[in-house]
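Written out below as structure tokens is the structure these notes cover.
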Amino acid sequence: MDRSRFVSFAFAAFGLVFVSFLLRGTTRLVAPYGVAVAVSAPVLFAAAALLAALVVLALLDVTGIRRLE
């Protein structure tokens, strides 16, 4: 993976977090809190998984096991 793709994945992860908060807020206007959390949770979990994968890739790059080109 090259560094520009890594950065674009990082921006995508933070964008997913932002979308999750937007979903929760707008859903909260028309539905109860539990429904709003259920709607936004999958997006937030996807963002968390992407960020965790990026942290692992960054650690592999720092340790020299797998370099980012």
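When every heavy atom of Ser40 is checked against every heavy atom of Arg24, the shortest pair comes out as OG-NE, 3.2 Å. Summarising the geometry of Glu69 relative to Arg67, their closest heavy-atom pair is OE2-O, 3.4 Å, with the distance given to 0.1 Å.
Rounded to the nearest 0.5 angstrom, Ser8 OG and Met1 CE are separated by 8.0 Å.
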Pairs of donor and acceptor atoms involving the side chains of residues 47-55, under 3.5 Å and at least two apart or interchain, shall be tabulated with distances.
none

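Residues meeting the side chain to side chain donor-acceptor pair (under 3.5 Å) test with Ser20, sequence neighbours left out: none. In terms of the side chain to side chain contact (heavy atoms under 4.5 Å, CB included) criterion, residue partners of Arg3 (sequence neighbours excluded) are, by chain and number, Asp61, Leu68. Scored by the side chain to side chain contact (heavy atoms under 4.5 Å, CB included) test, Leu60 finds Val56, Ile65, Arg66 as partners (sequence neighbours excluded).
The other members of the hydrophobic cluster of Tyr33, by chain and number, are Val37 (side-chain heavy atoms under 4.5 Å, ILVMFWY only). By the 4.5 Å side-chain criterion applied to Ile, Leu, Val, Met, Phe, Trp and Tyr, Val39 is assigned to a cluster that also includes Leu16, Val19, Leu23, Val35, Val43.
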